[in-house]
Colleague: 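One structure coming up, written as structure tokens, with questions to follow.
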Amino acid sequence: MISSYQKDCLTRPIPSAFVMGGVFSAFDVAMGQRITPKSVGSYIAFIYTYNAMQCPMEEIHGRKSALHNALAGGMMGYIGVTSNRIGIPFVDPYTLYRYPFVTPGAAAFVVYGGMGLGLAMLGGKPL
């Protein structure tokens with residue numbers, strides 16, 4: 001059974017996912033890339049899923065936490081990179097050749113988790 005908190009938590013990010021999906025698509029257009037319904041849908045789905053993954057963590061812990069953002073971002077980064085849907089920003093590709101024990105999935109988890117943590121901390125979420 002879905003609680004009222006879960007229902008609200010799962011429906012609240014829908015408008016922002018559409019808005020930010022449009023913003024990221026506008027960045028693609030500004031950089032000269034071709035915009036497709038698949039790319040717009042991918043942005044919307046990524047942003048919505050990132051927000052929805054935090055709902056069970058908040059319900060279990062009874063509060064919002066920046067660590068939830070870090071875990072959700074890290075998991076989304078890992079899944080996206082290991083399925084060859086997204087790349088790893090801020091990481092030189094030769095780093096993975098120089099350090100073969102660093103897998104692309106692990107690097108993605110750290111980078112995307114760090115971005116989620118940083119944005120949550122900037123937004124004022126406690127640890």
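Reckoned from all heavy atoms, side chains included, excluding hydrogens, waters and symmetry mates. By convention here, the first residue in the shown sequence is residue 1.
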Colleague: How close do P126 and K64 get, heavy atom to heavy atom, and via which atoms?
Modeller: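 Between these two residues, the closest heavy atoms are CG-O, 3.9 Å.
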Colleague: List the atom of Y78, the atom of G105, and the distance in Å for their closest heavy-atom pair.
Modeller: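 Closest pair (atom of Y78, atom of G105, distance): CD1-O, 3.3 Å.
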Colleague: Using every non-hydrogen atom in the two residues, find where V102 and A107 come nearest and quote the distance to one decimal.
Modeller: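 Looks like CG1-CB, 4.1 Å.
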Colleague: Please verify the inter-ring angle class for F24 with F27; under 30° counts as parallel, over 60° as perpendicular, anything in between as tilted.
Modeller: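 Answer is tilted, since the angle falls between 30° and 60°.
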Colleague: Are any side-chain N or O atoms of S39 and backbone N or O atoms of I35, one a donor and one an acceptor, separated by less than 3.5 Å?
Modeller: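 Checked: no pair found.
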Colleague: For the OG1 atom of T82 and the CG atom of N84, what is their distance to the nearest 0.5 Å?
Modeller: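 Between atom OG1 of T82 and atom CG of N84 there are 8.0 Å.
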Colleague: Taking side chain to side chain donor-acceptor pair (under 3.5 Å) as the criterion, tell me which of R63, E58, Q54, H61 meets it with H68.
Modeller: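 Answer to the side chain to side chain donor-acceptor pair (under 3.5 Å) test with H68 among R63, E58, Q54, H61: H61.
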Colleague: Quick check for you: to the nearest 0.5 Å, what is the distance between N69 atom CG and L119 atom CG?
Modeller: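 With rounding to 0.5 Å, CG (N69) is 8.0 Å from CG (L119).
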Colleague: Look up atom CE in M57 and atom SG in C9, then write down how far apart they are to the nearest 0.5 Å.
Modeller: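 Between M57 CE and C9 SG, I get 10.0 Å after rounding to 0.5 Å.
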Colleague: I need the Q33 CD to T36 OG1 distance, nearest 0.5 Å.
Modeller: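 The CD atom of Q33 sits 10.0 Å away from the OG1 atom of T36.
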Colleague: Kindly work out whether a path of hydrophobic side-chain contacts (I/L/V/M/F/W/Y, heavy atoms less than 4.5 Å apart) joins L117 to V111.
Modeller: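 No: no chain of side-chain contacts under 4.5 Å links L117 to V111.
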Colleague: Where do I44 and G21 come nearest, in terms of heavy atoms and distance?
Modeller: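 It is CG1-CA, 4.0 Å.
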Colleague: Using every non-hydrogen atom in the two residues, find where L10 and Y48 come nearest and quote the distance to one decimal.
Modeller: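 So the minimum-distance heavy-atom pair works out to O-OH, 2.7 Å.
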Colleague: How many angstroms lie between atom CZ of R12 and atom CD1 of I14, to the nearest 0.5 angstrom?
Modeller: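 Between atom CZ of R12 and atom CD1 of I14 there are 11.0 Å.
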Colleague: If we only count heavy atoms from C-beta on, is the D28 to V40 side-chain gap below 4.5 Å?
Modeller: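 Of all side-chain heavy-atom pairs linking V40 with D28, none is under 4.5 Å.
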Colleague: Can you name the closest pair of heavy atoms from G80 and S83 and give their distance?
Modeller: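 Closest pair (atom of G80, atom of S83, distance): O-OG, 3.3 Å.
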Colleague: Is the CZ atom of R34 crowded by more than 12 outside heavy atoms at less than 6.0 Å?
Modeller: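 No, not enclosed.
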Colleague: Start with the C-alpha gap between R85 and I79, add the side-chain angles, then the distance that decides, and say whether side chain to side chain contact (heavy atoms under 4.5 Å, CB included) holds.
Modeller: CA-CA 8 Å; R85 294 185 180 275; I79 291 167; over 6 Å; no
Colleague: Shared ILVMFWY cluster between M53 and Y43, side chains joined below 4.5 angstrom?
Modeller: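 No, it is not one cluster - the side chains of M53 and Y43 are not joined through contacts under 4.5 Å.
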Colleague: Is M75 linked to V91 within one hydrophobic cluster, defined over Ile, Leu, Val, Met, Phe, Trp and Tyr using a side-chain heavy-atom separation of less than 4.5 Å?
Modeller: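 Looking at the clustering, V91 is in the same group as M75.
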Colleague: Does any non-hydrogen side-chain atom of F46 lie less than 4.5 Å from one of M76?
Modeller: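 The answer is yes, as the side chains (C-beta and beyond) meet within the 4.5 Å cut-off.
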Colleague: Any chance you could measure I88, atom CD1, to T95, atom OG1, to the nearest 0.5 Å?
Modeller: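 Spacing of CD1 (I88) from OG1 (T95) equals 9.5 Å.
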Colleague: Under a 4.5 Å side-chain heavy-atom rule over Ile, Leu, Val, Met, Phe, Trp and Tyr, are F109 and Y50 clustered together?
Modeller: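 Cluster IDs for F109 and Y50 match.
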Colleague: Any chain of hydrophobic side-chain contacts (each under 4.5 Å) joining I47 to V23?
Modeller: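 In one cluster with I47: V23, yes.
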